[in-house]
Amino acid sequence: MLRSTHPLLPFGLDQAVLSALPPQTEPVRIIRHDGQTLLGVGAGGRLPVRASPRLAPTPTVGDWAAVPAQDPRADPAVPAVDAASPLPLLAVLPRRSLLRRLAADEVGDQALAANVDLVLITCGADRPIRAGRVQRVAAQAWDAGATPVLVVTKVGAPGSSAVDGPRLELEHPGMQVMLTSALEDLGMAPLRALLAGRTAVLVGESGAGKSTLTNALLGRAEAATGAVRASDAKGRHTTTARQLHLLPDPGGCLIDTPGVRAVGFAADAAAVDEVFADVAELALACRFTDCGHRTEPGCAVLAALDAGALPAARYDGWLRLQREVASARVRSSPQAQREHERRFARQVRSGRGRSRP
């Protein structure tokens, strides 16, 4: 039974985690992953942990895991643990969500953060906010089982452009848009309230202001920050490891991640439809259940596009991500490759595979 005084409650511990623990084990949450070592937090505080190569799934930041119970190194009276002898992880507990991306070699996925409620898509007002990039990350958030939130940083800062919040909300219907400036404390109170009791992960380019935002939310300089180039507003990777921070009152957990310029897309068609719910709803009225929304007669999506009811940018963005989903599925499965070839052959025979004039 979960006690109201359990020291891991602020980190999101709940009864579901306790119920999943194997006998004679205790819970830890992974709070840091730098590619080589793992750091966890248990009932007694922070402690290094290690994962066997045979442990599946491979643990990532945000995971709940099991370690041997009643280990003396978890004593709250011991402020530090010998890094040479980390505790073994005996099991990674079931995840309620997992943010992932395509690995750099495009073979398999890379886990970014587990058990997250919110994905904060961080964009700096000192650079263009590209709708396509926001849509890609939003689809991955929905695929993870989390909710995407667009957080614009550096609003009103020198060198930043004016941000049209209502326009961003129209470009990304159904997604909450938050305008912030960490240095001016603009929009920080609503953001703190949103994070209370939740685990959120920051995702964005280098120099987008993730570390500055993290420090403002923590109320201390925990994450390293750096300057950006004035010529193109690009920054260096000041964050080198994924790390979970416990936020002060009203609470919550925040995972800071290294900046990425390219997002390896890993999501399914249903996640894309969550981002483009307006387009997906139109598609339900298409004549063909396998409509490709390009040349087919009776396509409700094309009809809305021609009538001006569907913006061309929304249509193009949806098709682009759906193509990426299909391409990833074909690459990962010989059976899907054969089905793709058969479907294309059927379209050619029916005259539906030709390009629009």
Next on the checklist: Which residues pass the salt bridge (Lys or Arg N to Asp or Glu O under 4.0 Å) test with D273, not counting sequence neighbours?
Outcome noted: none
Checklist entry - Residues in salt bridge (Lys or Arg N to Asp or Glu O under 4.0 Å) with E274, at least two apart? => result none
Item to check | Shortest non-hydrogen contact between L38 and A51, atoms and distance | outcome: CD1-CB, 4.2 Å
Item to check | Considering all heavy atoms, the nearest R29-A114 contact | outcome: NH2-O, 3.8 Å
Next on the checklist: Between V275 and L321, is there a side-chain heavy-atom distance shorter than 4.5 Å?
Outcome noted: no
Item to check | Atom CD of E169: over 12 foreign heavy atoms under 6.0 Å | outcome: yes
Checklist entry - Among the clusters formed by ILVMFWY side chains lying less than 4.5 Å apart, do V92 and L90 turn up in the same one? => result no
Next on the checklist: Suppose we screen for salt bridge (Lys or Arg N to Asp or Glu O under 4.0 Å). Which residues come up paired with D278, at least two apart in sequence or across chains?
Outcome noted: R314
Next on the checklist: Looking at G156, is its backbone amide N or carbonyl O close enough to the side chain of S160 to form a donor-acceptor pair, meaning the two atoms are under 3.5 Å apart?
Outcome noted: no
Item to check | Interatomic spacing from CG in L195 to CG in L254 - rounded to 0.5 Å | outcome: 6.5 Å
Checklist entry - Do T199 and N115 have side chains that get closer than 4.5 Å, going by heavy atoms? => result no
Next on the checklist: Checking E205 against R133 for the side-chain contact (heavy atoms from CB on, under 4.5 Å) test, could you report, in this order, the C-alpha distance in whole Å, the side-chain angles of both residues, the deciding distance, and whether it holds?
Outcome noted: CA-CA 10 Å; E205 293 179 303; R133 183 183 182 88; 3.5 Å; yes
Sequence neighbours left out, cut at 3.5 Å: what donor-acceptor pairs do the side chains of residues 57-67 make with other protein atoms?
| residue | atom | partner | partner atom | Å |
| --- | --- | --- | --- | --- |
| T60 | OG1 | R242 | NH2 | 3.4 |
| D63 | OD1 | R95 | NE | 2.8 |
| D63 | OD2 | T60 | N | 2.8 |
| D63 | OD2 | R95 | NE | 3.4 |
| D63 | OD2 | R95 | NH2 | 2.8 |

Item to check | V28 vs L87 side-chain heavy atoms within contact, under 4.5 Å | outcome: no
Checklist entry - Can you name the one residue among W318, F288, F276 that meets ring-ring contact (aromatic ring centres under 6.0 Å, His included) with H293? => result W318
Checklist entry - When clusters are formed by joining ILVMFWY residues with side-chain heavy atoms under 4.5 Å apart, either directly or through shared neighbours, do L183 and L213 land in the same one? => result no
Checklist entry - Hey, mind stepping through D143 and R100 against side-chain contact (heavy atoms from CB on, under 4.5 Å) and telling me if it holds? => result CA-CA 9 Å; D143 176 82; R100 59 195 179 98; 2.9 Å; yes
Checklist entry - Same cluster for L118 and L98 if Ile/Leu/Val/Met/Phe/Trp/Tyr side chains link at under 4.5 Å? => result no
Next on the checklist: Any side-chain to backbone donor/acceptor pair from R198 onto L194? Under 3.5 Å, distance only.
Outcome noted: yes
Checklist entry - Looking at side-chain heavy atoms only, is the closest gap between M175 and V134 below 4.5 Å? => result yes
Checklist entry - For the atom pair CG (L47) and CD1 (I31), what is the distance rounded to the nearest 0.5 Å? => result 8.5 Å
Item to check | Heavy-atom side-chain proximity of M188 to L217 below 4.5 angstrom | outcome: yes
Item to check | Where L246 and C253 come nearest, the two heavy atoms and their spacing | outcome: CD1-SG, 4.1 Å
Checklist entry - Counting only N and O atoms by type, is there a donor-acceptor contact under 3.5 Å from the side chain of E296 to the main-chain atoms of R294? => result yes
Item to check | Residues in side chain to side chain donor-acceptor pair (under 3.5 Å) contact with R192, at least two apart in sequence or another chain | outcome: none
Checklist entry - From L9 CG over to R3 CZ, what is the distance, rounded to the nearest 0.5 angstrom? => result 9.0 Å
Checklist entry - Between NE2 of H245 and CD1 of I255, what distance do you get to the nearest 0.5 Å? => result 9.5 Å
Next on the checklist: How long is the straight-line distance from CG of L112 back to CG of L99, given to the nearest 0.5 Å?
Outcome noted: 5.0 Å
Side-chain donor-acceptor pairs of residues 14-21 under 3.5 Å, sequence neighbours excluded:
| residue | atom | partner | partner atom | Å |
| --- | --- | --- | --- | --- |
| D14 | OD1 | A16 | N | 3.2 |
| D14 | OD1 | V17 | N | 3.0 |
| Q15 | OE1 | L2 | N | 3.0 |
| Q15 | NE2 | S19 | OG | 3.4 |
| S19 | OG | Q15 | O | 2.9 |

Checklist entry - Taking the side chain as C-beta and beyond, is there a heavy-atom pair between M178 and P190 under 4.5 Å? => result yes
Checklist entry - What are the two closest non-hydrogen atoms of L305 and L310, and how far apart are they? => result CD1-O, 3.4 Å
Checklist entry - Got Q140 and R101 here, is their nearest side-chain heavy-atom distance under 4.5 Å? => result yes
Checklist entry - Do L39 and I30 come close enough that some side-chain heavy atom pair is under 4.5 Å? => result no
Item to check | Shared hydrophobic cluster, L170 / V152 (ILVMFWY, side-chain heavy atoms < 4.5 Å) | outcome: no
Next on the checklist: Please determine whether residues L150 and L186 belong to a single hydrophobic cluster, defined as Ile, Leu, Val, Met, Phe, Trp and Tyr linked transitively by side-chain heavy-atom distances below 4.5 Å.
Outcome noted: yes
Item to check | Nearest non-hydrogen partners of G292 and L319, listed with the distance | outcome: O-CD2, 4.0 Å
Checklist entry - Under the 3.5 angstrom rule, does the side chain of K210 hit a backbone N or O of D256 as a donor-acceptor pair? => result no
Checklist entry - Would D117 and S97 satisfy side-chain contact (heavy atoms from CB on, under 4.5 Å), going step by step from the backbone distance to the final call? => result CA-CA 8 Å; D117 304 295; S97 64; over 6 Å; no
Item to check | Spacing of R136 atom CZ and R130 atom CZ [to the nearest 0.5 Å] | outcome: 12.5 Å
Checklist entry - If you measure from the Lys or Arg side-chain nitrogens to the Asp or Glu carboxylate oxygens, is any gap between E171 and R167 under 4.0 Å? => result yes
Checklist entry - What are the two closest non-hydrogen atoms of L8 and G42, and how far apart are they? => result CD2-O, 3.5 Å
